[in-house]
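Heads up, the thing below is written out as structure tokens.
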Amino acid sequence: MTQTPWSLDLARLGERIRQERARRGLSLENLEARSGVSRSMLSAVERGRKAPTVLVLDRIATGLDTSIARLLGEERAARVIVLRRGEQDTALDPSGWERRILSPVQPGIEFELMRTTIPAGVDAGEFAPHAPGSREYLAMERGTLRLTIDGVEYLLHAGDSIYYAGDCRHAFANPGRETCSYYLAMELGRHPTRPGPPRRRGKRPRKGKRT
């Protein structure tokens, strides 16, 4: 089913975010620190009271060390998975750019293949760094894209491709006069030093008296 943060079941999206957060043993405060999204916004999204923008949803996913695809789609475990166009989840930003998810969500795999289209003159914004070891591969289909990686701009045209480490700030904008489109494959790493909150230390049981 095609979905956007404004037409999907917000309650279902919020519940999935809450489940992913709980599965990692994170409080709202923990996720706020990891994602940069305020606790009040996180709470409103989890309760289905507010629709996040694509950037906010991406920051939440990054804080959970996962992808937007996992927050929108159901896991599928099969050797062959066909996603018809009408089954592909789509995130549409109010500014007009679209992120269509082409890859299925599989158990234990944090990978996303997407096709993005950005209208002429639209700035899609800056995305937060993913976990160390993340990798992104981008291939231009048409138009012009200004990709900014940690402050350095790369101007890409139809037929160009680029690879970059995903643990960086990366921003996308279309400075041209026509819509641009590109394919992006993203493989997420993991934060080895970002476990859940520390365990509470319980009182040690008293040893019995020696006889």
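Since the model is a prediction, treat every value here as computed from it, not as a measurement.
The nearest pair of heavy atoms linking Cys168 to Ala165 is SG-O, 3.1 Å. Between Leu156 and Leu138, the shortest heavy-atom contact is CD1-CD2, 4.0 Å. Closest heavy-atom contact between Ser67 and Glu112: CB-OE1, 3.1 Å. Taking every heavy atom of both residues into account, Ala120 and Gly176 meet most closely at CB-O, 3.4 Å. The two residues Arg169 and Gly151 have their closest heavy-atom pair at NH2-N, 4.0 Å. The two residues Ala124 and Leu55 come nearest to each other via the heavy atoms O-CD1, 3.7 Å.
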| said: Does Arg76 form a side chain to side chain contact (heavy atoms under 4.5 Å, CB included) with Ile81? I'd like the steps, not just the answer. | reply: CA-CA 8 Å; Arg76 304 190 187 193; Ile81 301 172; 3.8 Å; yes

| task | Just do the side chain to side chain contact (heavy atoms under 4.5 Å, CB included) check on Leu42 and Ile60 with the steps written out, would you? | result | CA-CA 8 Å; Leu42 291 170; Ile60 293 173; 3.7 Å; yes

| task | Go through the steps to decide whether Asp89 and Arg100 satisfy the test salt bridge (Lys or Arg N to Asp or Glu O under 4.0 Å), and finish with yes or no. | result | CA-CA 6 Å; Asp89 294 318; Arg100 178 176 292 273; over 6 Å; no

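One finds the CG atom of Leu113 at 10.0 Å from the CD1 atom of Ile101 (value rounded to the nearest 0.5 Å).
Classification of Glu74 and Arg12 as a salt-bridged pair holds, one side-chain N sitting under 4.0 Å from a carboxylate O. Using a 4.0 Å cut-off between charged nitrogen and carboxylate oxygen, Glu187 and Arg135 count as a salt-bridge pair. Ion pairing between Asp58 and Arg99 holds under the 4.0 Å rule for side-chain N and carboxylate O.
At a threshold of 4.5 Å between non-hydrogen side-chain atoms, the residues Arg146 and Asn174 do not count as touching. Looking at heavy atoms from C-beta onward, Leu147 lies out of side-chain contact with Glu153 at the 4.5 angstrom threshold. Between Arg70 and Glu20, some side-chain heavy-atom pair lies under the 4.5 Å cut-off. Contact of the Leu188 side chain with the Asp65 side chain is not registered, since no non-hydrogen atoms from C-beta on lie closer than 4.5 Å. Ser181 has its side chain out of reach of Thr116: every pair of non-hydrogen atoms, C-beta onward, lies at least 4.5 Å apart. Between Leu102 and Leu83 there is no side-chain heavy-atom pair separated by less than 4.5 Å. Side-chain contact check for Thr148 versus Glu126: every heavy-atom pair is 4.5 Å or farther apart. Looking at Leu13 and Leu57, their side chains come closer than 4.5 Å, going by heavy atoms from C-beta outward.
There is a path of hydrophobic side-chain contacts, each under 4.5 Å, that joins Leu64 to Val45.
For the residue pair Glu110 / Thr66, a side-chain donor-acceptor distance below 3.5 Å is found, with atom types taken as modelled. Between the side chains of Arg47 and Ser43, at least one donor N or O lies within less than 3.5 Å of an accepting N or O.
Scored by the ring-ring contact (aromatic ring centres under 6.0 Å, His included) test, Tyr183 finds no partners at all (sequence neighbours excluded). With sequence neighbours left out, the ring-ring contact (aromatic ring centres under 6.0 Å, His included) criterion links Tyr163 to Tyr137.
Side-chain atoms of Ser35 come within 3.5 Å of backbone N or O of Leu31 as a donor-acceptor pair.
Residue Arg49 qualifies as open at atom CZ: its count of foreign heavy atoms under 6.0 Å is 12 or below.
With respect to Glu46, the side chain to side chain donor-acceptor pair (under 3.5 Å) criterion is satisfied by exactly one of Arg16, Arg18, Arg21: Arg21.
Aromatic ring pairs are classed by plane angle as parallel below 30°, tilted from 30° to 60° and perpendicular above 60°; the pair Tyr182 and Phe172 is parallel.
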